[in-house]
Amino acid sequence: MSTRCYSGEREVAAIDPRNRGMAYGDGLFETMRVHDGGLPLWPRHLARLREGAQRLGIGLPDVPFIEARMIEMIGATDAGVLKLLLTRGEGGRGYAPPADAQPLWLLALHPLPAVPGHGLRLRWCDMRLASQPALAGIKHCNRLEQVLARAEAESAGCDEGLMRDMAGNPICATSANLLVLRDGRWSTPRVDACGVAGVLRGWLLEQGLVESVVLAQGEVESAAALALCNAVRGILPVASLGARAWAPHPALAELQERVAMAYPMFSEAGAAA
């Protein structure tokens, strides 16, 4: 893993222990797929980062400077994952954010995760997502709900876990959005009260390939097909959820093909790179 850290536009050697991202999760992050030395989904990641920074009141460093540093880091990388972490910066003890905090941000380049050789095995997580519309959609650094839910899935020998809100409505997986095929139409749960508005999910919605709806648990379990999607791994088929199993569905292959046409990194050849 390669890492670089900056305070504003000044490179620093390490994160100060007083950093509010470490102390309170006071920050945002974006996890981006690297393909042929570029970031095909960067404009969408940047839009979400801007929205998150505006909602949290965190100053966003000069974007051309950030982009130049990203290009330096990934220019020779055929395939990988670049994580951009932005925190409010340093502050004293206490929740009140300092007015003069200098945003701190870092870049970390990771290997691309392996493509699963099978459909995903899912389970319902007992851990629920709390409702907080002020934070819904953005990728803020407070992820303890997902950490605990993913531990449940791992302990059960599953690939991923599905999370519900406090009312029991399905929202997402721990690190992906949920796609549900019913009556020949793909849908994805709304994320206006909790959950993350994934950038690939956003593209699917804009293309009219998926619609955002409120789904009940029974509607997910009785679906014709399920899939998960995120900006690193694309669209992955679900083979089982608890006792329910699904065979490969032609509609899923068609959806994957549509995504791969727009973003070749999600084709079989691109995924194997």
N/O donor-acceptor pairs under 3.5 Å from side chains in residues 215-226, not counting sequence neighbours:
{"residue": "Q217", "atom": "OE1", "partner": "R164", "partner atom": "NH1", "Å": "2.8"}
{"residue": "Q217", "atom": "NE2", "partner": "E221", "partner atom": "OE2", "Å": "3.1"}
{"residue": "E219", "atom": "OE1", "partner": "A216", "partner atom": "N", "Å": "2.8"}
{"residue": "E221", "atom": "OE2", "partner": "W124", "partner atom": "NE1", "Å": "3.0"}
{"residue": "S222", "atom": "OG", "partner": "R182", "partner atom": "NH1", "Å": "3.0"}
{"residue": "S222", "atom": "OG", "partner": "G218", "partner atom": "O", "Å": "2.9"}

Return the set of residues passing side chain to side chain contact (heavy atoms under 4.5 Å, CB included) with E152 (not counting sequence neighbours), or none when no residue passes.
-> R123, C125, D126, M127

How long is the span from the CG atom in L107 to the OG1 atom in T3, to the nearest 0.5 Å?
-> 9.0 Å

Taking side chain to side chain contact (heavy atoms under 4.5 Å, CB included) as the test, write out the residues that go with R55, two or more places apart.
-> E51, I138

Is the backbone N or O of G94 less than 3.5 Å from a side-chain atom of Y24, with the two atoms forming a donor-acceptor pair by type?
-> yes

Charged N to carboxylate O under 4.0 angstrom, E11 versus R69?
-> no

Got Q132 and H140 here, is their nearest side-chain heavy-atom distance under 4.5 Å?
-> no

Any side-chain donor paired with an acceptor under 3.5 Å for N19 and T87?
-> yes

Gap separating the OG1 atom of T188 from the CG atom of L228, nearest 0.5 angstrom | 9.5 Å

Pairwise side-chain contact, L162 with P170, heavy-atom cut-off 4.5 Å (strictly under) | no

Cluster check L39, L200: I/L/V/M/F/W/Y, side chain < 4.5 angstrom | no

CZ on F266 to CE on M261, rounded to 0.5 Å = 15.5 Å

Is Y263 linked to L205 within one hydrophobic cluster, defined over Ile, Leu, Val, Met, Phe, Trp and Tyr using a side-chain heavy-atom separation of less than 4.5 Å?
-> yes

Provide the closest heavy-atom pair for R128 versus E145 in the form atom of the first, atom of the second, distance.
-> O-OE2, 3.8 Å

Should D183 and R185 count as an ion pair when the cut-off is N to O under 4.0 Å?
-> no

CA sep, side-chain torsions, deciding dist, call: L135, L56, side-chain contact (heavy atoms from CB on, under 4.5 Å) = CA-CA 9 Å; L135 298 177; L56 298 185; 3.7 Å; yes

Any donor-acceptor N/O pair, T77 side chain to G37 backbone, under 3.5 Å | no

Can any side-chain N or O of R20 pair as donor or acceptor with the backbone N or O of Y95 at less than 3.5 Å?
-> yes

What are the two closest non-hydrogen atoms of C5 and L104, and how far apart are they?
-> SG-CD2, 3.8 Å

Report yes or no: do V210 and V213 belong to one cluster of Ile/Leu/Val/Met/Phe/Trp/Tyr joined by side chain heavy-atom distances under 4.5 Å?
-> no

So, do D165 and P189 sit near enough that their side-chain heavy atoms are less than 4.5 Å apart?
-> no

Heavy-atom donor-acceptor pair, R258 side chain to L204 backbone, under 3.5 Å | no

Please check if L252 and L179 belong to a single hydrophobic cluster, counting links between Ile, Leu, Val, Met, Phe, Trp and Tyr side chain heavy atoms closer than 4.5 Å.
-> yes

Quick one: are S212 and D192 in side-chain contact, heavy atoms under 4.5 Å?
-> no

Distance in Å, L255 CG paired with L181 CG, rounded so as to fall on 0.5 Å steps = 9.0 Å

Check against side-chain contact (heavy atoms from CB on, under 4.5 Å), L109 and V34 | CA-CA 9 Å; L109 182 60; V34 180; 4.2 Å; yes

Kindly indicate whether the side chain of I58, heavy atoms from C-beta on, has any atom under 4.5 Å from the side chain of D26.
-> yes

NZ/NE/NH1/NH2 to OD/OE distance under 4.0 Å, R150 and E154 | yes

Could you state the interatomic distance from CZ (R33) to CD1 (I74), rounded to the nearest 0.5 Å?
-> 12.5 Å

Identify the two heavy atoms, one from A153 and one from G161, that lie closest to each other, and give their separation to 0.1 Å.
-> CB-N, 3.8 Å

Side-chain donor-acceptor distances from residues 230-237 under 3.5 Å, at least two apart:
{"residue": "N230", "atom": "OD1", "partner": "V232", "partner atom": "N", "Å": "3.1"}
{"residue": "N230", "atom": "OD1", "partner": "R233", "partner atom": "N", "Å": "2.8"}
{"residue": "N230", "atom": "ND2", "partner": "S175", "partner atom": "O", "Å": "3.0"}

Between L28 and C141, which heavy-atom pair has the shortest distance, and what is it?
-> N-SG, 3.4 Å

Closest heavy-atom pair, G195 versus I171, reported as atoms and distance to 0.1 Å, is CA-CG2, 4.1 Å

For residues G91 and P98, report the shortest heavy-atom separation together with the two atoms involved.
-> CA-CG, 4.0 Å

Under a single-linkage definition using a 4.5 Å side-chain heavy-atom cutoff for Ile, Leu, Val, Met, Phe, Trp and Tyr, are W246 and L178 assigned to the same hydrophobic cluster?
-> yes

Could you state the interatomic distance from CG (L122) to CZ (R244), rounded to the nearest 0.5 Å?
-> 12.5 Å

When the side chains of residues 59-68 are checked against the rest of the protein, which donor-acceptor pairs come out under 3.5 Å, sequence neighbours left out?
{"residue": "D62", "atom": "OD2", "partner": "F65", "partner atom": "N", "Å": "3.1"}
{"residue": "E67", "atom": "OE2", "partner": "W42", "partner atom": "NE1", "Å": "2.8"}

May I ask you to test the R4-E72 pair for a side-chain heavy-atom distance under 4.5 Å?
-> yes

Okay, side chain of N177, backbone of C172: is any donor-acceptor separation there less than 3.5 Å?
-> no

Report the C-alpha separation of S2 and M73 in whole Å, then their side-chain angles, then the decisive distance to 0.1 Å, and conclude whether the side-chain contact (heavy atoms from CB on, under 4.5 Å) test is met.
-> CA-CA 8 Å; S2 175; M73 181 169 279; 3.9 Å; yes

With R48, which residues qualify under side chain to side chain contact (heavy atoms under 4.5 Å, CB included), at least two apart?
-> E30, H45, K139, V196, V199

